[in-house]
Amino acid sequence: RFFQNHLSDYYMQD
Amino acid sequence: MFEARLLQGGLLKKVLDSIKDIITEGNFDCSPNGLSLQAMDSSHVSLIDILLESEGFEHYRCDRNIPMGLNITNLVKMIKCAGSEDIVTIKCEDKPDNVTFLFESKDNDKISDFEMKTMTIDDEHLLVPDQTYTAVVKMPSAEFQRLCRDMAAIGDTVNISVTKEGVRFSTTGDMGTANITVRPNPSGDQKEEERTEVQITEPVSAGFALRYLNSFTKATPLSPTVTLGMVPNLPIVVEYKIADMGHVRYYLAPKIED
């Protein structure tokens, strides 16, 4: 029912 | 070279306990400002951000930025050899193949040194912007730990909604549902660390995997309080401040209902 997002969906790579 | 002497060696054990369930290796960055670590779990859902400021060490010397790649499992094994009251010194060269840990007992009657091999870690470093959080909740860390444990007994995902009335934690599982609301209580007789405080500019609600939140609560011994920061549609930050030293922060991406 829930889909897990990843952090790379929110933050740019340094 | 890098050399840092920490009077409360037990603190290092606590810091490692707070990350060892989430990451198996990481680059500790030694810089003139302090010792820091940023690392993601293997599924790139959560991120750990640690800062131990140079001022918190009894002695601190770092001439240039040095990345110190360490296997966390092995590091835990080594630091376990220190007594919780021991003074710990960490030393390495500018391009280290090894890191030395020196443990001195408080009464100075036992001195041990351990040398650990470093490793080259190719990790992704993310740019986490300084954020103004729409909702900030400060609560006793032990209460948050208990709450996450209780929620995980019922379901896998917790929905956290913050309004000015309080914070509502809800979960659903095969056996049923659970809701726990924690209300702000700033005017009572409690000590500051026993209070729950809520600051919001607008209500926020999002779902998060309890497995990760539960791992984050391994940082509870580091601080009597925990701070949750939320912004709609962005990862939650769970912060444990380390007195006079810095912080352990965790970022966790939200779950999206299908």
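The shown structure was predicted, so the numbers you read here are calculated from the model rather than taken from an experiment. Protein chains get the first letters and strands the later ones, always in sequence-line order, with residue 1 at the start of each.
The environment of CD in B/E93 is sparse: at most 12 heavy-atom neighbours from other residues, nucleotides or ligands sit within 6.0 Å. Within 6.0 Å of CD in B/Q131 there are more than 12 heavy atoms belonging to other residues, nucleotides or ligands.
Between atom CG of residue A/D9 and atom NE2 of residue B/H44 there is a gap of 12.0 Å, rounded to the nearest 0.5 Å. Once rounded to the nearest 0.5 Å, the distance linking CD of B/Q38 with CG of A/D14 reads 7.5 Å. How far CG of A/L7 is from CG of B/L47: 6.0 Å, rounded to the nearest 0.5 Å.
Considering only residues two or more places apart in sequence or on other chains, B/K241 meets the side-chain hydrogen bond (donor to acceptor under 3.5 Å, both in side chains) condition with B/E239.
When each of B/N233, B/I256, B/V45 is tested with A/N5 by the rule side chain to side chain contact (heavy atoms under 4.5 Å, CB included), just one qualifies, namely B/I256.
At a 4.5 Å heavy-atom cutoff, B/D156 makes no contact with chain A through either its backbone or its side chain. Contacts between A/Y10 and chain B at a heavy-atom distance below 4.5 Å involve the side chain alone, from C-beta outward.
Across all their heavy atoms, B/A209 and A/Q4 have their closest contact at CB-OE1, 3.8 Å.
For the pair A/M12/B/L126, no side-chain contact is recorded, criterion being any heavy-atom separation below 4.5 Å from C-beta on.
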